[in-house]
Amino acid sequence: MAIENLGLEIRILANMIYNRANQITMKAENLSIHQCWILQYLLETAEKTVYQKDIEQLFSIKRSTANQMLRALEMRNYIQRTVSAEDARKNVLTVTEAGAGAYRRLSKDLYQLMLKLHGDIPGDELAQFQSTLRKLWHNMEQEEKKTEIPLIS
């Protein structure tokens, strides 16, 4: 594989996975896959305090996009926003029982999709691939830090 095609090939695979996962979540719960991933993250980090800014950074999305997705989840009673005790300007995000139930139902179908994606690829190859993806991710984060434009004060 030519190195110049790496980004393109990752993007194509990511789009294929995203589109199929989104079909599953929309059909089953009328949620986007991003909303499902937000529920998953909030459930996995239930012992931590999570703010909207954390969602923005994790998913590399704009504030308005995060707010729109969170508002939709809140309207369906899947998440709750409560004012932070430490900073009244921030809202703490938590999953409701309804949100946890929706995620549990979706996770079964998404797990089946991942099994199909993995197919007959041996576990050690998948582990190596995931390790390499994390290194690529780390490299991109380092590059982004180098190219950030400093704020003028």
Side-chain angles (χ1 to χ4, degrees), residues 5-118 126 129-153:
N5 292 334
L6 181 62
L8 174 63
E9 292 181 8
I10 290 171
R11 178 64 181 200
I12 291 169
L13 178 59
N15 283 346
M16 291 171 71
I17 295 167
Y18 175 87
N19 290 336
R20 185 65 189 111
N22 206 50
Q23 286 175 347
I24 290 168
T25 59
M26 289 301 288
K27 182 179 178 186
E29 292 286 333
N30 197 28
L31 288 176
S32 73
I33 187 61
H34 276 111
Q35 291 169 319
C36 184
W37 287 332
I38 289 170
L39 291 175
Q40 178 184 13
Y41 177 74
L42 292 174
L43 287 165
E44 289 175 353
T45 59
E47 71 287 347
K48 294 182 182 178
T49 301
V50 178
Y51 302 105
Q52 178 173 324
K53 189 76 173 164
D54 300 318
I55 300 297
E56 294 166 15
Q57 290 173 344
L58 177 68
F59 294 103
S60 296
I61 56 177
K62 294 179 182 176
R63 182 179 182 187
S64 59
T65 304
N67 194 43
Q68 184 180 32
M69 284 192 280
L70 293 171
R71 193 174 328 118
L73 288 168
E74 192 175 27
M75 287 175 60
R76 295 185 64 180
N77 194 35
Y78 285 176
I79 66 163
Q80 222 178 320
R81 293 194 233 200
T82 54
V83 177
S84 168
E86 291 84 36
D87 187 344
R89 296 170 296 174
K90 295 181 178 181
N91 289 316
V92 176
L93 306 174
T94 53
V95 177
T96 64
E97 190 52 47
Y103 178 73
R104 279 192 299 271
R105 290 186 296 276
L106 289 171
S107 66
K108 294 172 188 169
D109 293 334
L110 292 172
Y111 181 76
Q112 290 303 313
L113 175 62
M114 289 302 106
L115 288 177
K116 290 175 187 173
L117 175 65
H118 295 170
L126 288 171
F129 178 67
Q130 192 165 26
S131 173
T132 302
L133 280 177
R134 287 188 177 134
K135 288 176 185 176
L136 292 169
W137 187 357
H138 174 76
N139 292 345
M140 288 305 298
E141 285 177 334
Q142 296 307 309
E143 183 60 26
E144 285 180 12
K145 287 178 184 175
K146 286 185 208 173
T147 60
E148 284 182 5
I149 300 170
L151 295 175
I152 300 171
S153 49

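All of these numbers come straight from a predicted model, not from anything done at the bench.
Closest heavy-atom contact between Met69 and Gln35: O-NE2, 3.6 Å. Pairing each heavy atom of Ser32 with each of Thr25, the nearest pair is C-OG1, 3.5 Å. A pairwise comparison of heavy atoms in Gly99 and Val95 identifies C-CG1, 3.7 Å as the closest pair. Among all heavy-atom pairs drawn from Ile33 and Asn22, the shortest one is N-OD1, 2.7 Å. What you find for Asp109 and Ala28 is that their closest heavy atoms are OD2-CB, 4.4 Å.
In terms of the side-chain hydrogen bond (donor to acceptor under 3.5 Å, both in side chains) criterion, residue partners of Gln23 (sequence neighbours excluded) are, by chain and number, Arg20. The side-chain contact (heavy atoms from CB on, under 4.5 Å) search around Leu8 returns Ile12, not counting sequence neighbours. For Gln80, the side-chain contact (heavy atoms from CB on, under 4.5 Å) criterion is met by Thr82, Thr94, Thr96, not counting sequence neighbours.
For the pair Tyr51/Glu56, no side-chain contact is recorded, criterion being any heavy-atom separation below 4.5 Å from C-beta on. Counting heavy atoms from C-beta on, the side chains of Val92 and Arg81 never come closer than 4.5 Å.
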Asn15 vs Arg11, test: side-chain contact (heavy atoms from CB on, under 4.5 Å). Steps then yes/no. CA-CA 6 Å; Asn15 283 346; Arg11 178 64 181 200; 3.5 Å; yes
Yes or no on side-chain contact (heavy atoms from CB on, under 4.5 Å) for Lys53 and Lys90, after CA distance, side-chain angles and deciding distance? CA-CA 9 Å; Lys53 189 76 173 164; Lys90 295 181 178 181; over 6 Å; no
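The neighbour count for Met114 CE, taken as heavy atoms of other residues, nucleotides or ligands under 6.0 Å away, is above 12. Within 6.0 Å of CE in Met140 there are 12 or fewer heavy atoms belonging to other residues, nucleotides or ligands.
A distance of 6.0 Å separates CG of Leu106 from CG of Leu31, quoted to the nearest 0.5 Å. Here the CG atom belonging to Leu117 is positioned 4.5 Å from the CD1 atom belonging to Ile17, to the nearest 0.5 angstrom. Taking CG of Asn91 as the start and CD of Gln52 as the end, the distance is 8.0 Å to the nearest 0.5 Å.
Ionic pairing of Glu74 and Arg71 is not present here: no N-O contact between side-chain nitrogen and carboxylate oxygen is shorter than 4.0 angstrom.
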Could you list the donor-acceptor pairs under 3.5 angstrom formed by side chains in residues 59-66, with sequence neighbours left out?
none

Determine all donor-acceptor pairs shorter than 3.5 Å in which one atom belongs to a side chain in residues 38-50; sequence neighbours excluded.
unit_1, atom_1, unit_2, atom_2, d
Gln40, NE2, Glu44, OE2, 3.1
Gln40, NE2, Tyr103, OH, 3.4
Thr45, OG1, Tyr41, O, 2.7

For residues 129-138, run the donor-acceptor check on the side chains, cut-off 3.5 Å, and write out each pair with its distance to 0.1 Å, sequence neighbours left out.
unit_1, atom_1, unit_2, atom_2, d
Thr132, OG1, Gln128, O, 3.0
Thr132, OG1, Gln128, NE2, 3.1
Trp137, NE1, Glu141, OE2, 3.2

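Judged by distance alone, the side chain of Arg76 and the main-chain N or O of Ala72 form no donor-acceptor pair under 3.5 Å.
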